[in-house]
Protein chains: 2
Amino acid sequence: MESRCENCIIRQFNSLRAMSKEELKHVSDSKITKTIKKGEPLFEEGDKLNGVYCVRNGISKLSKLSSNGKDQIVKLATKGEVLGQRSVIAEESTNLSAIAVQDMEVCFIPKESITNTLQKNPNFTLEVLRHMAHDLKEADDVIVNISQKTVKQRIAEAFLYLKNNFGEDEDGFLALTLSREDISNVVGTATESAIRIISEFKKKGLIHTSGKKIGIKDERKLMEMVEGF
Amino acid sequence: MESRCENCIIRQFNSLRAMSKEELKHVSDSKITKTIKKGEPLFEEGDKLNGVYCVRNGISKLSKLSSNGKDQIVKLATKGEVLGQRSVIAEESTNLSAIAVQDMEVCFIPKESITNTLQKNPNFTLEVLRHMAHDLKEADDVIVNISQKTVKQRIAEAFLYLKNNFGEDEDGFLALTLSREDISNVVGTATESAIRIISEFKKKGLIHTSGKKIGIKDERKLMEMVEGF
DNA sequence: TCCCAAACCTGACAATTGTCATAGAATCCC
DNA sequence: GGGATTCTATGACAATTGTCAGGTTTGGGA
C-alpha cells in the first residue's frame with residue numbers, strides 16, 4: 001500500500017508543508033517510494049538530479065570527495081529532510097554524495113513538481129529559502145569549528161551532536177552508530193587519530209563503548225572540552 | 001546627488017534585478033547610502049539587522065569569532081553582493097561580522113522592502129534562493145578544503161582565489177591587499193604559520209612581495225601545489 | 001560453523017602546525 | 001618628524017596530527 005503525501009507526517013518537518021492541496025496531490029501522484037540499504041547511495045557527487053529525495057526513515061551522510069582521496073562528511077540528514085534541493089534549484093549537478101548510513105525509506109519527487117511550485121507559490125519558495133538559510137548558517141559553523149578547534153574538541157562535539165540530534169537507545173548508547181571511519185570523516189581527521197582519541201576518552205571515563213556503539217558517560221566534561229578546558 | 005537603484009549597474013549582479021519597477025522604486029526611496037572606512041564594521045556577529053547591505057564599492061570580510069578568540073573569515077564580499085540577507089530571511093540575528101577591508105560604499109535597504117517583495121514576487125524569491133544555493137555550495141567547498149588540505153595548499157589556493165576574484169593591479173600585485181593576519185584567518189591558521197609559508201613561497205619564486213602587497217609569479221606551480229604535488 | 005574481509009586498535013615515527021619570545025619595519029597620529 | 005603602536009618576520013621549541021606498519025577483533029556470507 002502506497003501512502004499519500006497529504007497524510008505523511010514527515011511533511012510537517014519540511015518545506016512541503018507550504019504546498020497547496022493541489023500541489024501536494026501532484027507531488028504525491030508523481031513520487032516514487034524507494035528503499036535504500038545501508039551503504040548504498042541515493043546519488044553521487046556530480047550526478048545530475050532530476051528530482052529531490054524526501055527522507056521518511058533512516059539516515060544519510062552527505063559527503064564530498066577531496067583531492068587527497070578522503071571523504072568529508074558535510075551533513076547527516078534524517079527523517080523529514082529533503083535532499084538534492086540545492087542542485088535542483090541551482091540547476092547544477094550535485095556537489096555532494098548521499099549515502100545511507102542506515103537502511104532508508106525515501107520518496108523521490110521529480111523536479112518538475114518542485115520547480116513548478118517554486119515559480120508559482122511564493123510561500124513555498126520562501127519556506128525553502130528559510131531552510132537553505134538555516135543550512136548555510138550551519139555550514140558557517142562547521143567551517144569555524146573545523147578550522148579553529150582541535151581534533152579532540154571536534155570529536156567531543158560530534159558525540160554531543162549525535163546525542164542531541166539522533167538520541168540514545170535504551171542502553172544509553174548513541175542511536176546513530178557510525179564507523180570509526182565515518183566519525184573521522186565528519187570531524188575531518190585521519191581514522192587512526194579518531195580511534196586514538198576515542199580510546200583516550202574511554203580511559204578518561206567520558207564515554208563507554210561496546211563494539212562500534214558509543215555511549216556518553218560524562219556529558220559535562222565533554223562540553224567543557226569543546227569549549228577548550 | 002543621490003543615485004537611484006533603477007539606474008544602478010550593480011543591481012545587474014544580484015537578485016535585485018528580479019524586482020519589478022515599482023518594487024525597485026520603493027527600495028530606492030527607502031535606501032540609505034553609507035560610506036564605511038577600512039576596518040570599520042557594517043555589522044557585527046549577534047546584531048539584529050533591520051535591513052540588508054548592497055555593496056557598491058570596496059570589499060568586506062565576513063567572519064565569525066571562535067571560542068579560542070580567533071576570527072575565521074568565511075567569505076570576502078565585493079561589488080554587487082548583498083550582505084545580511086541570510087539573517088533577514090531567517091529572522092535571526094546575524095551569525096557573522098562584516099568588516100570593511102577596503103573603504104566601501106554600500107546601500108542600506110530596510111528589511112521591509114525585502115520581505116514584502118519576498119512574499120509577493122516569486123521571481124525575486126527564486127533568484128535569492130538561487131544565490132543562496134550557490135553560497136551553500138561554496139561553503140561546502142570551503143569545509144572540504146579546510147579539513148583536507150594542508151595550510152600550504154590552502155594559502156596557495158587563497159592567492160589564486162584572490163587573483164581570480166579581485167584581479168591584479170598594473171604592477172602585477174593582487175588588487176586586494178590583505179594583512180597577514182587576515183590571510184591566516186581566511187585559511188584558518190596561525191599568523192606566524194602564514195607568514196612563514198609566504199616567506200617560503202617567496203624563496204621558491206612562486207610569489208613576490210612589496211610591503212603587504214603580494215604578486216603571483218608562478219601560477220602553474222601554485223596550482224600544482226593546491227592539487228597536492 | 002567457520003572463514004575471510006573489513007573494521008578496529010596500537011606503536012613508532014615523521015611531518016605539520018601552533019606557541020612564545022624577540023626583533024626589525026612600517027604606519028599612524030599628534 | 002618623531003614616538004608609539006601595529007604589523008611583519010624569524011628562531012626555538014612543543015604539541016598535535018598524520019603515516020606506515022603491524023596486530024586483533026568483528027561480522028557477514030558460503
Side-chain angles (χ1 to χ4, degrees), chain A residues 37-40 61 66-72 99 101-103 145-156 158 173 177-203 207-214 225-226 228-229, chain B residues 37-40 61 66-72 99 101-103 145-156 158 173-174 177-204 207-214 225-226 228-229:
Chain A
K37 290 218 191 81
K38 179 176 170 173
E40 287 177 359
K61 60 177 173 183
S66 82
S67 51
N68 68 5
K70 279 187 191 160
D71 263 334
Q72 173 67 35
I99 296 173
V101 292
Q102 285 182 351
D103 290 354
N145 274 333
I146 236 169
S147 78
Q148 306 285 10
K149 290 188 175 152
T150 65
V151 174
K152 215 174 284 184
Q153 289 176 304
R154 270 138 58 199
I155 290 186
F173 291 107
T177 302
L178 292 175
S179 71
R180 302 295 192 254
E181 189 180 2
D182 278 341
I183 293 175
S184 71
N185 288 345
V186 166
V187 302
T189 189
T191 307
E192 295 94 325
S193 297
I195 289 175
R196 244 181 274 275
I197 288 168
I198 291 170
S199 301
E200 188 189 325
F201 282 6
K202 202 159 48 169
K203 269 184 208 137
I207 60 173
H208 57 120
T209 66
S210 163
K212 301 192 192 219
K213 284 186 292 183
I214 290 174
M225 176 170 286
V226 173
F229 298 114
Chain B
K37 289 216 192 84
K38 179 175 172 176
E40 287 177 357
K61 60 178 173 182
S66 82
S67 52
N68 67 7
K70 279 188 191 158
D71 263 334
Q72 173 66 37
I99 296 172
V101 292
Q102 284 181 351
D103 290 353
N145 274 334
I146 237 172
S147 78
Q148 305 285 9
K149 290 190 173 149
T150 65
V151 174
K152 214 173 285 186
Q153 288 176 303
R154 270 138 58 199
I155 289 185
F173 291 106
L174 294 172
T177 302
L178 292 175
S179 71
R180 304 294 193 251
E181 188 180 0
D182 278 342
I183 293 175
S184 71
N185 288 344
V186 167
V187 301
T189 189
T191 307
E192 295 94 326
S193 297
I195 289 175
R196 244 181 275 274
I197 289 168
I198 290 171
S199 301
E200 188 189 325
F201 283 5
K202 201 160 44 171
K203 269 185 209 135
K204 285 190 185 160
I207 60 174
H208 56 121
T209 66
S210 163
K212 300 190 193 223
K213 285 188 291 185
I214 290 174
M225 178 170 285
V226 172
F229 298 113

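Computed from heavy atoms alone, side chains included, the values below leave out hydrogens, waters and symmetry copies. Since the model is a prediction, treat every value here as computed from it, not as a measurement. In the text below, chain A, chain B and the rest are named by the order of the sequence lines, each starting its count at 1.
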One should read off an interatomic distance between B:N185 CG and A:S147 OG, to the nearest 0.5 angstrom, of 8.5 Å
Between B:I146 and B:Q72, is any pair of side-chain heavy atoms under 4.5 Å apart? yes
Roughly, in whole Å, what's the span from NZ in B:K202 to P in D:dT10? 7 Å
Whole-Å distance, B:K38 NZ to D:dT6 P, equals 15 Å
Could you tell me whether the phosphate oxygens of D:dG18, OP1 or OP2, come under 4.0 Å of any side-chain nitrogen or oxygen in B:K149? no
Where the side chain of B:S193 is defined as all heavy atoms beyond and including C-beta, which of C:dC9, D:dT19, C:dG18 is the nearest nucleotide? C:dG18
To the nearest angstrom, how far is B:Q153 atom CD from C:dT16 atom C1'? 12 Å
OP1 or OP2 of C:dA7 versus the side-chain N and O atoms of A:T191: is any pair under 4.0 Å? no
Round to the nearest Å and state the distance from B:E192 atom CD to D:dT10 atom C1'. 10 Å
Can you see if the side chain of A:S179 gets near the phosphate of C:dA7 - specifically, an N or O under 4.0 Å from OP1 or OP2? no
Between A:I197 and A:K212, which is nearer to the 5' end of DNA chain D once each is assigned its nearest nucleotide? A:I197
Salt bridge (charged side-chain N to carboxylate O under 4.0 Å, His left out), paired with B:E200, selected from B:K202, B:K204, B:R196: B:K204
Picking from C:dT17, D:dT17, C:dC9, the nucleotide nearest the side-chain atoms of A:T150 would be D:dT17
Can you tell me the distance, in whole Å, between the CG atom of A:D182 and the P atom of C:dA6? 16 Å
The answer to which of A:S147 and A:R180 contacts DNA chain C further toward the 5' end, by nearest nucleotide, is A:R180
Closest non-hydrogen atom pair between A:I155 and A:F201, with its separation: CG2-CE2, 3.9 Å
Determine whether B:I214 and B:I183 make a side-chain contact, defined as any pair of heavy atoms from C-beta on separated by less than 4.5 Å. yes
Whole-Å gap separating C1' (D:dG18) and NZ (A:K152): 15 Å
Return no unless some side-chain N or O of B:T189 is found under 4.0 Å from OP1 or OP2 of C:dT17. no
Approximate separation, where rounding is to 0.5 Å, of B:D182 CG and B:K61 NZ: 3.5 Å
Has the side chain of A:R196 got a donor or acceptor that lies under 3.5 Å from a partner of the other kind on the base of C:dG11? yes
Judged by nearest nucleotide, the residue sitting upstream toward the 5' end of DNA chain D, A:G211 or B:I198, is B:I198
Return the value, rounded to whole Å, for the distance between atom CG of B:N68 and atom P of C:dT19. 8 Å
Taken to the nearest whole Å, NZ/B:K37 to P/C:dT27 is 19 Å
Go through A:N68 and B:K149 one step at a time and tell me if the side-chain contact (heavy atoms from CB on, under 4.5 Å) criterion holds. CA-CA 8 Å; A:N68 68 5; B:K149 290 190 173 149; over 6 Å; no
What nucleotide among C:dC9, D:dT8, D:dT17 has an atom nearest to a side-chain atom of B:I195? D:dT8
D:dT10 OP1/OP2 closer than 4.0 Å to side-chain N/O of B:K203: no
Name the residue from A:T191, A:I195, A:D71 that meets the side-chain contact (heavy atoms from CB on, under 4.5 Å) definition with A:S184. A:T191
How sharply is the helix from C:dT1-D:dA30 to C:dC30-D:dG1 bent, taking the axes over five pairs at either end and rounding to 10 degrees? 50°
